[in-house]
Every structure is written in structure tokens, then in C-alpha cells.
There are 2 protein chains.
Amino acid sequence: MEKISYYSQENHGPYQVYNLGDFELEEGGIINDCQIAYSTFGKLNPRKDNAILITTWYSGTSKIMEQVYQGEGRAIDPAKYFIVIINQIGNGLSTSPHSAMDGLKGAKFPRVRISDDVRAQYRLLTELFGIESLALVVGGSMGAQQTWEWAVRYPDMVKRAVPIAGRARNTRHNFLFIETLKYALMSDPNWNEGNYTDSNLVSRGLKHHADLWSVMGFSIEFYKQELYKNLGFSSLEEFRVGFTQGYFLPMDPNNLLCMAWKWQKGDVSRITNGDLSAALGRIKSKVLILAIDGDMLYPPSDCEADQKLTPNSEMRIIHSYAGHLGLFGIEPSFSEQVDKYLKEILDTPIEKKISGKSFSLRN
Amino acid sequence: MEKISYYSQENHGPYQVYNLGDFELEEGGIINDCQIAYSTFGKLNPRKDNAILITTWYSGTSKIMEQVYQGEGRAIDPAKYFIVIINQIGNGLSTSPHSAMDGLKGAKFPRVRISDDVRAQYRLLTELFGIESLALVVGGSMGAQQTWEWAVRYPDMVKRAVPIAGRARNTRHNFLFIETLKYALMSDPNWNEGNYTDSNLVSRGLKHHADLWSVMGFSIEFYKQELYKNLGFSSLEEFRVGFTQGYFLPMDPNNLLCMAWKWQKGDVSRITNGDLSAALGRIKSKVLILAIDGDMLYPPSDCEADQKLTPNSEMRIIHSYAGHLGLFGIEPSFSEQVDKYLKEILDTPIEKKISGKSFSLRN
């Protein structure tokens, strides 16, 4: 049972689990005994206003976010902040198709939306920690979708929001890309409508799915300059097989499909009947949009549209040849740039108005 | 037999056929009775120096090139030039897997290279028409690969070369993209190692192959602005199914794979043992590289590399939201821009040096 060991504490822990009980989904299903996996770093201060939420991207878990986005001496420093990294539903650590109870298992797993994740995360933070203010919400790609959803859905709770390489409403182009990802998995001869007996049998589909990421996840320049050699791969083929295929192969296809559907349909404007301007207009957080210049999924020219509709927002461009998957922190300069911008926004005092008076709130 | 009717004179004609006899390929195979399909417009002048060669791209035939790249009053005007459009081997009109004789049919078809096409085209032009000078060679994408190969292989014959949205040596990134195209076709449950009984049976693979083109062939901005509505498609799904899938569905998968392999391996530096600078240094033509700004396959930043290595070359950027498949002339402004640049280079006299004297040659 290689899959179980992949989504294990050994690989992705230590992480804890919070049980939401029966969790109702926006699409109408219920996840019984819904477990949300999370990890924390640092301490919550007595005023409970130093909490930072980090969200997860497609296929990512709390582990990569722990490794790449926080640490001592970093902008998100556990010496200063209480950092909570919450795994999205379907990512293999929180309740997911591969681990769900019998009636919900595998292909039977219900449709989950970004907004379900954000509501689950809200419950975890408020019920478990009594957190009612977040100094920052930050995440990349699907994590950016959750960040946007947080800022729109809980405008008074989120003081700062940093969506990296992701959109408030997913794009048509990305919708098509995800269609090809889904097809890649479902075209495997052993797919069996999602009722495969062992996800290893779906390796052809998983490899093709990984190849699609090799095309869209990096950048033309990344390959032109053979930057995969910096990662220890001596050839294009070694990189393709050893890095991208190697990354996705141990994952569960139904888990990936759960996230793929959610990603595809991500749209903060569902709360305002499809009016994106109205949805983003609800935001009270200070928003800093980070876009990656080599990103073939969400290039800066694309992310600009959200910035224009969001009050009190700014945008910065991160230079990365690695493209969208620069999010993995493949280049040291990526983390340096992210830290610089995170420090900038974290050091910006937030104006809080109470009874007509305004005062500055540090965290 | 729908396929036969797709690759027919009704759809793609009128075209003529030149028989090369037994044609030896660089990879070692032989195409017996090799037929090269071509169409011509205008008249060859007595000096035989007004000929223009137009090459074809992946899946394209002489018909689309006739419709989009030449015409009365256009830069490439049949009133002035003798225009020869030659179909690449494997495209369905020239000898191809679907139409080859028994021993070479379907999956048995041998590997063909861009250089094989260019040698075949050279024979056609010299043997059939006695042409020894080309006023211009022009083509897009794989047609640009042939254009580059022409300029490198026959430097004295090609006076002007205009490769559009294509590279002299294919890129690593594009190699990976084509891997996904190939897999898409070969993963069809009815693929049967290329020995399908009817290409209609491979429709799942052909549709997925088309979807990959929907992602990479256009641009993010094209979808953001819903420019497919200008083509008469009211929704993204209608466009995806009606345009891109509809375009590829009647084609033969083995034909596409023949071209895919050729495209993937395109490299003018094979003639100089892999030294691209030396290969491009052989060129004597005036070269004008046209790159498309929205191109997700070969963006201008990528095409620049060829320009820097090519003597007597310049580059111009075509603005097109349609991206790589802007080559189809989807936007009227695309053809206007191409014509402007083609006119520019066609109106540039070519210096020809004979016995130390130089004089200007108009065509």
C-alpha cells in the first residue's frame, strides 16, 4: 500500500488533525467525520492577533509550505507569529477520496469547492484556537484561490492577504488546462471510472498528467537555459521522469481529481451572484498580489485584472525562470523575493476604525 | 471512408502531384513511389527568378496557405510571382502513412525529417520547373523549420527567407509539448499500436490531442477576451468542440504522428554536427524572422536566439491575441501585418556578387 505511506506522517508530518464532524458542502454533499490536517509553528499571543494562515496548492501539503514559506529569520517567523498551515480537503492529509469512509471513498467522494475549504479553515481557527483576526493569509496557486476567498468571505477577520500566482476567479484558459489534466488521469486503461484497485495501476495516466505539468508548470526559458541541471538532473529526460513524474506518481488520482475540479471552478464571485467587482469590493484587507513573470498559467498581465478590482491592493512581480512551479522554491531567489514582499506588507500597520477613531494595529 | 474524403481534392484541392520515385530518407528508410502534392499560382517568368516557395505546418495543407498567405493585391501576388505551395510528407496530401503502399502503410511508415522534406521540395522545384533561385521561402511553425532548413541547406538558391513562429532548432519545451501530443493519440483505447482499422475509432485520442492545442495553441488573453466569439462560437465549450476538436477529428493519427516526430526533431544544425551557430552562419539569404507576441510555443523572446546567430537577419513582432494559431489568419490584422513585412523584404533588392562586381537583383 504505497499510497498510504506517501500521505503519511513520515512524509508530510508532523501534522495534527481537527475533526469537523459532519461537514456540509456547498454542492450539497456531506463529508462525515471530516478531518482537517494542519500544522502550527510559533505561539499564539495573548491578544490572539499574531496568527498567519498558510494555505496549500494543488497536490501540495503543509510540508512544502512549512519548508518554503516560513522559518526562523524569514518574513513569516515562528518567533514572532503563530503560523497555521491548513491542508485543503482532498490533498491526501485532510479527508480525501483515498482515505474517506466507505460511502464516500474514491470515485464516490463529493464535489468540494474552495469556499468549503475556507469555511472548514474558519471553523478550525475559531473553534480550536479562538482566532478572530488573521495578520496574514498567504498561499500560492490554489492556495491563492483560498486566500482570495478568505479576503472576500471574512473581510473583517483578514488583515492582510497575499495571493501568489493565482486568480480570484479562475481563467478560461486554466479551465481548459485542467480539463487536459483530468482527461490524462481518466484516460488510463486501468482508470475504471475511478474504481481502480490500486493507484499504482493508474501510473500511465499519472505520468501523462505529470508531463502536462512539465509543459505548463515551468517556462520556455527554464528549459532553454537547462536550469533543471541546477536541481541535479543532467538531461531533460531525467528531469521529466525524475522530477515531475516522480513527484506525481505516488499520488492518488481521485485525490488529484477532487482538487482539479475545485481549482477549475474557483470563483470568489459566487457570493455576489457572479459579480467579480462586487466580490472583490467587499475586501477590507490590505492585499498584495504576487505574480511570477515566467508563469504560463497566471502571468502578471493576467493577475493585473484582480488588482484593478481590489481596493487597497498592490501587485509585485516575482522574477522566476521556473515559472508557475517556482512556487516550490526551486530557485533561492524566489524565496528571497517572496520574503521581501511579505516583510513589506507585514511591516505595514493596519488602520482599524472603531467608533470613528482610527488607530494603528501592528499585527 | 471519411478520412479519404478529408484528404481529398474536394477539401484541399486543386493540387497536383509530383512523383519522386523511390525517395531515400535520412533516417535510412525509403518511401517508394513518393508523391509530393503541390499547388501553384501565377507564372514563372523567363528568367525563372520570380518563384516563391510556401511550406506547410503541422496538420496544414496547401489549401490553408493558399487562402491565408497569397492572393491578388497581397504581398505574395500571383500577378507578380510564381507561387509554389508544397505539402510536407505525412500531411495527408503528399505521401503519408494513411495513403502509403502496403509495406509502408500506417504504423509501418518510416521516420521522416524536415531535411527530407526540403530535399524533396528541392527536387520538385529543380526537376519539374527548372527553378534554381527562390525569391522567397516562407512558412509558419513547421513551415518555418522548413524555411530555416532551406536557407541553411541551399544558401545560394534562397534569396529571402521568412520563418514565422518557428525555430531553426526545436526547443526543449516544444519537444515536451509534442511528447504530450503523441501520447494523447497513442493512449486511445483503440490505438492498437497504430494498427487501428478506422481512424474514427481513435476519436478520444484525437479530441484530447485537440484539447492540448486549445491550451497551447492560442493565448491566455484570447480566452480572457472571449475572442472566439468573433469566430462565431458563443461559448468556450462550443469553440473547444466546434473549432479545435472539429479541425483535428477528421485527420489520421498516424499522419499526425509522422509530422509530430519530424517537428520534434527539427534541427538545422545536423548538417554542421550540432553547431547551430555554424549552421546559421551558412545562410546567405536576407532573413526576416516573424514572431507572434501571444505565442505560447515560440514567443519572440525565444525566436530572438536565432536572429542573433543569423547574418543579414532581422526580426519583427506580429501582434496577435490568437497566439501560435494566429498563423491561421484568424484575425484580419494578422494577415495585414504579415503582408506589410513580406512586402518590405520582397521590395528589398538582393545584392549579388559575381566576379567581384555586385549588382542588384530585383526578385
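A, B, ... follow the sequence lines: proteins, then strands. Residue 1 opens every chain.
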Residues in residues 226-233 of chain A near chain B [non-hydrogen atoms, under 4.5 Å]: A/Glu226, A/Tyr228
Aromatic plane relationship, B/Phe328 with B/Trp57 - under 30° parallel, 30 to 60° tilted, over 60° perpendicular: tilted
Contact check, side chains of B/Ser59 and B/Tyr247, non-hydrogen atoms, under 4.5 Å: yes
Beyond-backbone contact of A/Ile289 with A/Arg316, side-chain heavy atoms, under 4.5 angstrom: no
Close side-chain approach of B/Leu249 to B/Ser203, heavy-atom, < 4.5 Å: yes
Polar contact flag, side-chain donor to acceptor under 3.5 angstrom, B/Ser214-B/Arg240: no
Non-hydrogen side-chain atoms of A/Ile292 and A/Leu327 separated by less than 4.5 Å: yes
Chain A neighbours within residues 171-181 of chain B, where any heavy atom lies under 4.5 Å away: B/Arg172, B/His173, B/Phe175, B/Leu176, B/Phe177, B/Glu179, B/Thr180
Any donor-acceptor N or O pair under 3.5 Å, side chains B/Asp293, B/Tyr321: no
Members of residues 297-310 of chain B whose heavy atoms come closer than 4.5 Å to chain A: B/Leu297, B/Pro299, B/Ser301, B/Asp302, B/Ala305
Aromatic plane relationship, B/Phe218 with B/Phe239 - under 30° parallel, 30 to 60° tilted, over 60° perpendicular: perpendicular
A/Leu290 vs A/Pro163 side-chain heavy atoms within contact, under 4.5 Å: no
N-O pairing of A/Glu149 and A/Arg113 below 4.0 Å: no
Side-chain heavy-atom pair A/Trp148, A/Ile114 within 4.5 angstrom cut-off: no
Interface residue of largest heavy-atom contact number with chain A, from B/Glu237, B/Met296, B/His208, under 4.5 Å: B/His208
Pairwise side-chain contact, A/Val112 with A/Trp261, heavy-atom cut-off 4.5 Å (strictly under): no
Any side-chain donor near an acceptor of the partner, B/Asp211 and B/Gln245, under 3.5 Å: yes
Part of A/Leu236 lying under 4.5 Å from any heavy atom of chain B: side chain
Among the listed options B/Glu221, B/Lys224, B/Met216, the residue most often paired with chain A at heavy-atom distances under 4.5 Å: B/Lys224
Pairs flagged by salt bridge (Lys or Arg N to Asp or Glu O under 4.0 Å) wherever residues 254-267 of chain B is involved - sequence neighbours left out: B/Asp117-B/Lys262
